[in-house]
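Ligands are counted one by one from 1 in listed order, and the atoms in each one are counted from 1 as well.
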Amino acid sequence: MVSFTYKELKNLWLEKLQFSKIENAEFEINEMLGKALCIDCRNPVYADKLKSVADVEIKKAFEKLCEKRLNGEPLQYILGEWEFYGLPFKVGEGVLIPRQDTETLVDVAVKKLGKSENLIVTDLCSGSGCIGIALEKNLSCGKLTLVEKSDKALCYLKQNVQLNNSMADVIHGDVFDAKVINAVPMSDLIVCNPPYVTADEMKTLQREVTFEPESALFGGEDGLDYYRDITRIYKDKIKDGGMLLFEIGINQEDEVMRILIQHGFKNVRTRPDLMGVNRCVFGQKLENTKLCTDVMSV
Ligand code: GLN
């Protein structure tokens with residue numbers, strides 16, 4: 001039987017990935033080989049290991065990962081863990097993959113609320129829990145509540161709470177269920193990355209995205225169902241002076257800002273992600289507060 005070094009094996013599958021037009025194939029192949037070897041591919045030990053002859057079992061395991069990837073499965077599911085805001089999150093089939101674009105929400109919240117203490121933070125449609133947990137680690141957070149409906153996503157969410165030593169209260173249920181609404185505390189910040197993909201966009205999703213749960217993507221015909229209902233219901237769960245912060249899809253800023261304004265939010269703004277795409281919309285609930293606090297003017 002021909003024996004390969006890990007490097008030869010890697011190059012063989014790298015070509016297959018490149019042939020399948022997988023972007024960043026070199027990055028992905030190293031991640032998958034590192035996973036099969038149980039070595040972080042950024043560790044110098046990995047580069048050394050590449051020179052040695054491949055173990056039959058590790059070769060098999062690596063090839064299985066590559067085949068999944070060639071079949072379109074997202075790298076993040078194959079690896080089982082992904083980083084968000086410098087923190088590790090368990091992911092897999094049934095939960096939305098944390099995306100770098102979403103880090104924009106954490107940046108905005110940290111900028112606006114970084115000086116406040118003992119914040120009550122609620123993350124609706126939490127998925128992996130990445131937004132809420134990143135906020136807990138980067139704000140002075142007195143209480144964090146994570147709400148998630150899907151059983152599969154909840155399983156990852158709970159693992160991520162443990163993995164990150166989070167103190168979060170987890171609510172398993174639909175954000176529109178009266179019991180869930182009742183259980184959500186009055187919050188200084190309600191954050192939400194709801195499903196927002198439109199019916200038309202659902203037909204042309206990138207292959208990898210089709211592996212992710214439809215329930216985390218599809219936001220109704222115009223993609224705006226969750227913004228309308230969450231804003232209407234949860235404005236009553238935000239303290240006076242508090243903030244509602246949504247992730248949005250491309251070109252949804254005008255509509256979502258309008259929804260917040262219609263529901264009486266003030267200082268309604270949008271902010272772009274690193275690609276320059278407006279990625280979030282936020283506003284402040286100001287009812288009895290006479291003075292506009294400076295937190296929103298940053
Ligand atoms: N950002 C996801 C995408 O690119 C959508 C996630 C969502 O609907 N919240 O498809």
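Which parts of ligand 1 touch P194 is read off a 4.0 Å heavy-atom cut-off, strictly below it: atoms 7 (C), 8 (O), 9 (N). Ligand-side atoms of ligand 1 in range of A216: 7 (C), 8 (O), 9 (N), range being under 4.0 angstrom from any heavy atom. Of all the atoms in ligand 1, the ones that sit under 4.0 Å from a non-hydrogen atom of P195 are 8 (O).
Between F176 and Y226, a ring centre-to-centre spacing shorter than 6.0 Å is recorded. A centroid separation of less than 6.0 Å is found between the aromatic rings of Y227 and F246.
The shortest separation from a heavy atom of G219 to ligand 1 is not under 4.0 Å, leaving the residue out of contact.
Ranking protein heavy atoms by distance to atom 2 (C) of ligand 1, first place goes to R99 NE, 3.5 Å. Nearest to atom 1 (N) of ligand 1 among the protein's heavy atoms is Y196 OH, 3.0 Å.
Checking N30 against Y46 by side-chain atom types alone, a donor-acceptor pair falls below 3.5 Å.
Contacts of D101 classified as side-chain contact (heavy atoms from CB on, under 4.5 Å), with partners at least two apart in sequence or in another chain: D273, R279.
Using a 4.0 Å cut-off between a side-chain N of Lys or Arg and a carboxylate O of Asp or Glu, E255 and R258 qualify as a salt bridge.
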